[in-house]
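Chain A is the first sequence line, chain B the second, and so forth, proteins listed ahead of strands; every chain is numbered from 1.
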Amino acid sequence: MTDRENTTPAGEPEQPAEGTAAYHHLIEGRIEKMRELGKSVELYPYGYARTHTSEQLRAQEEALTAAGAAVRVPGRLMTKRGAGKTLFAPVQDEWGRIQAYFKLDILGEERFHRIMKLVDIGDWIGVEGTLFRTRTGELTIQVSDFTFLAKAVRPLPEKFHDMNLELKSRRRHLDLAMNLESRERFKKRSAIISEVRAFFDSEEFLEVETPVLQPLYGGATARPFTTHHNALDTTLYLRIADELYLKRLIVGGLERVYEIAKDFRNEGMDRTHNPEFTMLECYAAWWDYHQMMDLTERMLRRLAQRFGDNGVLTYGEVRMDFNQPFARLRFMDALAERTGVDLMKLDDTEVIALARKHGIEPRKGMGRDKLLDALFGELVEPGLTQPTFVMDHPKELSPLAKAHREVPGLVERFELFCAGFEVANSFSELNDPFEQRRRFEAQRGLAEAGDDEAQPLDEEFLMAMEQGMPPTGGMGMGIDRLVMLLVDTNNIRDVLLFPAMRPERTGGEG
RNA sequence: GCGCCGCUAGCUCAACUGGUAGAGCAACUGACUCUUAAUCAGUAGGUUCGGGGUUCAAGUCCCUGGCGGCGUACCA
């Protein structure tokens, strides 16, 4: 939209600017009708005594019809199909639509004129009457009376073309009003998150909350958002992960904790990345990554059974069967298989050569292990369509993971891949404070070499670990990605009610 | 970041090698007492994203800025 739209402040619709734009004429016309309507009805009443939702009417049709029961249903007027002295108009509530039938004979001149001429598409009304089926078989309310509930001064979008993704994302209220499948998708997101909570509750995890505003960020490799606290006159960061605080709770003796919360990462946005996103993290004392793997598998299977087709999910062209035991693949084995080389035996220059051979140009600050990770992303990840655990990653990539109990240079970590993208990340958590300090120091080395995502050393976190952290397994899962998988979309904006958008402006300076 | 494509009525979109900017829906007027993308007749609605340029003439060509989509790179 342009600034034109902003010249009609919401607070004073009585005095629309004398604009030349047609938009004003549409709004002016509606305001004019509202004035007329205001002479006979309350324009903004305080509530409505509903007896049924549209969904309940369908479910209880037989009983309601037999009894000739009067029902009262509020909703939004979606279209008007007038035929002289009658009017059919579907009324839409959260659960769907119910058609209302207005008839001059029944309503009388004044009320019929009101619905026919003064109530606009988009307005909210409550209809009262009895149920019947029309000649064509549609369940309909024979309206004996109706109540005006709220005015739509601004018209809704046109009804039978799809809005584009930008409009849907920027004006989510319109998307939700016009597209019932969009509503269903977001309701499903809610149901998925509820199910995740139910799962963790059943596994006897405690849901906790940790700070969003942190004096030091950590727990992931990413650039943070920075803000300032006035009273303390200090810099604070929006968290990039919950990890370091949740581990302090483990130190404190809470043995199983989880958190579902927003993380913030100051990086590029695209089809699969939003600057703020919802993360699940969980930690369990006495567990290692094998038990976390089992937990993750149980959780995904439960979600696939509830939200998929008996444990089978369809994502684009891909069918994923979550009933079968998930594949388990070692990071190095997968790379060796795709490259034909045992990478453990290569020195650094040979790794660089191999990366170049596969089109990966080493960037500043990219160590050997980051190159391996890039190679993995390039060669292996796209092929991981069925649920697959990738295990035992190089150490440098995972400064918070415990060294592998058998293979030097690796850590006990897994990532879960489905449909080619990462769904979960987990490790046997490092709980040796001396080793943890050395890992932070190594990260500092990376930072000095130009890696601006390297993790800063967190002295307070180390202090907690020095006071004794039990053996612990941890796991993180991007909830938005999970929802994308379960609702079968490849765009994160389809699963975020209000995805980040560039602010709208009225044009450049020239 | 980079590359490609796009931005025209409230919404969805047309407009040939530069030559008077159109349609459907929405709106307005009228007809119609079982419609459902209701139908029929008529009316109105435009700073063609902003700025600059070339030209007798620019929605169209050039420059520049804004916003979006897709691809690509990094990250979940």
Taking atom [atom1] in both [N] and [M], what distance in whole Å separates the two?
{"N": "B/U20", "M": "B/U48", "atom1": "P", "value": "15 Å"}
{"N": "B/C34", "M": "B/U39", "atom1": "P", "value": "16 Å"}
{"N": "B/A15", "M": "B/G24", "atom1": "C1'", "value": "15 Å"}
{"N": "B/G46", "M": "B/U8", "atom1": "C1'", "value": "8 Å"}
{"N": "B/G66", "M": "B/U29", "atom1": "P", "value": "44 Å"}
{"N": "B/C7", "M": "B/U60", "atom1": "P", "value": "11 Å"}
{"N": "B/G19", "M": "B/U55", "atom1": "C1'", "value": "12 Å"}
{"N": "B/A58", "M": "B/A21", "atom1": "P", "value": "11 Å"}

Between [N] atom [atom2] and [X] atom [atom1], what is the distance in whole Å?
{"X": "A/E415", "N": "B/C75", "atom1": "CD", "atom2": "C1'", "value": "12 Å"}
{"X": "A/N266", "N": "B/C75", "atom1": "CG", "atom2": "P", "value": "16 Å"}
{"X": "A/R171", "N": "B/U12", "atom1": "CZ", "atom2": "P", "value": "11 Å"}
{"X": "A/N179", "N": "B/C11", "atom1": "CG", "atom2": "P", "value": "15 Å"}
{"X": "A/D270", "N": "B/C70", "atom1": "CG", "atom2": "P", "value": "10 Å"}
{"X": "A/E28", "N": "B/A44", "atom1": "CD", "atom2": "C1'", "value": "13 Å"}
{"X": "A/D369", "N": "B/C74", "atom1": "CG", "atom2": "C1'", "value": "18 Å"}
{"X": "A/I27", "N": "B/A9", "atom1": "CD1", "atom2": "P", "value": "15 Å"}

Selection from [options] that lies nearest to any side-chain heavy atom of [X]:
{"X": "A/K85", "options": "B/G30, B/U33, B/C28", "result": "B/U33"}
{"X": "A/E267", "options": "B/G30, B/U35, B/C75", "result": "B/C75"}
{"X": "A/I121", "options": "B/U33, B/U29, B/A26", "result": "B/A26"}
{"X": "A/L26", "options": "B/A27, B/G30, B/C34", "result": "B/A27"}
{"X": "A/P157", "options": "B/U33, B/C11, B/U29", "result": "B/C11"}
{"X": "A/R271", "options": "B/C70, B/C75, B/C34", "result": "B/C70"}
{"X": "A/T79", "options": "B/C34, B/A38, B/C74", "result": "B/A38"}

Worksheet item: With no hydrogens and no angle check, do the side chains of A/Q99 and A/Y101 hold a donor and an acceptor under 3.5 Å apart?
Response: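 No, no side-chain donor-acceptor pair sits under 3.5 Å.
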
Taking only side-chain N and O atoms of [X], does any of them lie within less than 4.0 angstrom of OP1 or OP2 on [N]?
{"X": "A/R81", "N": "B/U35", "answer": "no"}
{"X": "A/K33", "N": "B/C28", "answer": "yes"}
{"X": "A/N491", "N": "B/C70", "answer": "yes"}
{"X": "A/K103", "N": "B/U35", "answer": "no"}

Under 3.5 Å for both donor-acceptor distances, Watson-Crick or wobble: does [N] have a partner, and if so which one?
{"N": "B/C13", "result": "B/G22"}
{"N": "B/G46", "result": "none"}
{"N": "B/A31", "result": "B/U39"}
{"N": "B/C7", "result": "B/G66"}
{"N": "B/C74", "result": "none"}

Under 4.0 Å, heavy atoms only, any strand: does [X] hit a base, just the sugar-phosphate, or nothing?
{"X": "A/K80", "answer": "nothing"}
{"X": "A/D263", "answer": "nothing"}
{"X": "A/D480", "answer": "nothing"}
{"X": "A/G476", "answer": "nothing"}
{"X": "A/F417", "answer": "nothing"}
{"X": "A/D105", "answer": "base"}
{"X": "A/E422", "answer": "sugar-phosphate"}
{"X": "A/G84", "answer": "base"}

Discussion item. Counting distance alone, no hydrogens or angles: does the base of B/U35 have a donor or acceptor under 3.5 Å from a partner atom on the side chain of A/Q99?
Written reply: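 Under the 3.5 Å cut-off, the side chain and the base do form a donor-acceptor pair.
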
Worksheet item: Does the separation of the ring centres of A/Y289 and A/F427 fall below 6.0 angstrom?
Response: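 No, ring centres 6.0 Å or more apart.
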
Item to complete: Starting from the C-alpha separation in whole Å, work towards a yes-or-no answer on ring-ring contact (aromatic ring centres under 6.0 Å, His included) for A/F322 and A/F307.
Response: CA-CA 12 Å; A/F322 287 81; A/F307 296 104; over 10 Å; no

Item to complete: Assign each of A/A83 and A/D120 to its nearest nucleotide of RNA chain B by heavy atoms, then name whichever residue's nucleotide is nearer the 5' end.
Response: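 The 5'-side residue here is A/D120.
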
Does [X] pair with [Y] as a salt bridge, N-O distance under 4.0 Å?
{"X": "A/E429", "Y": "A/R413", "result": "no"}
{"X": "A/R76", "Y": "A/D93", "result": "no"}
{"X": "A/E32", "Y": "A/R35", "result": "yes"}

Worksheet item: Backbone N or O of A/V390 within a donor-acceptor pair of the A/R328 side chain at under 3.5 Å?
Response: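 Not confirmed, A/R328 side chain does not pair with A/V390 backbone.
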
Practice prompt. Enter the distance from A/D369:CG to A/D373:CG here, rounded to the nearest 0.5 Å.
Written response: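 Those atoms lie 9.0 Å apart.
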
Discussion item. Take a 6.0 Å sphere around CZ of A/R302 and say whether it holds more than 12 heavy atoms from other residues, nucleotides or ligands.
Written reply: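 Counting neighbours around CZ of A/R302, more than 12 heavy atoms of other residues, nucleotides or ligands fall under 6.0 Å, so yes.
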
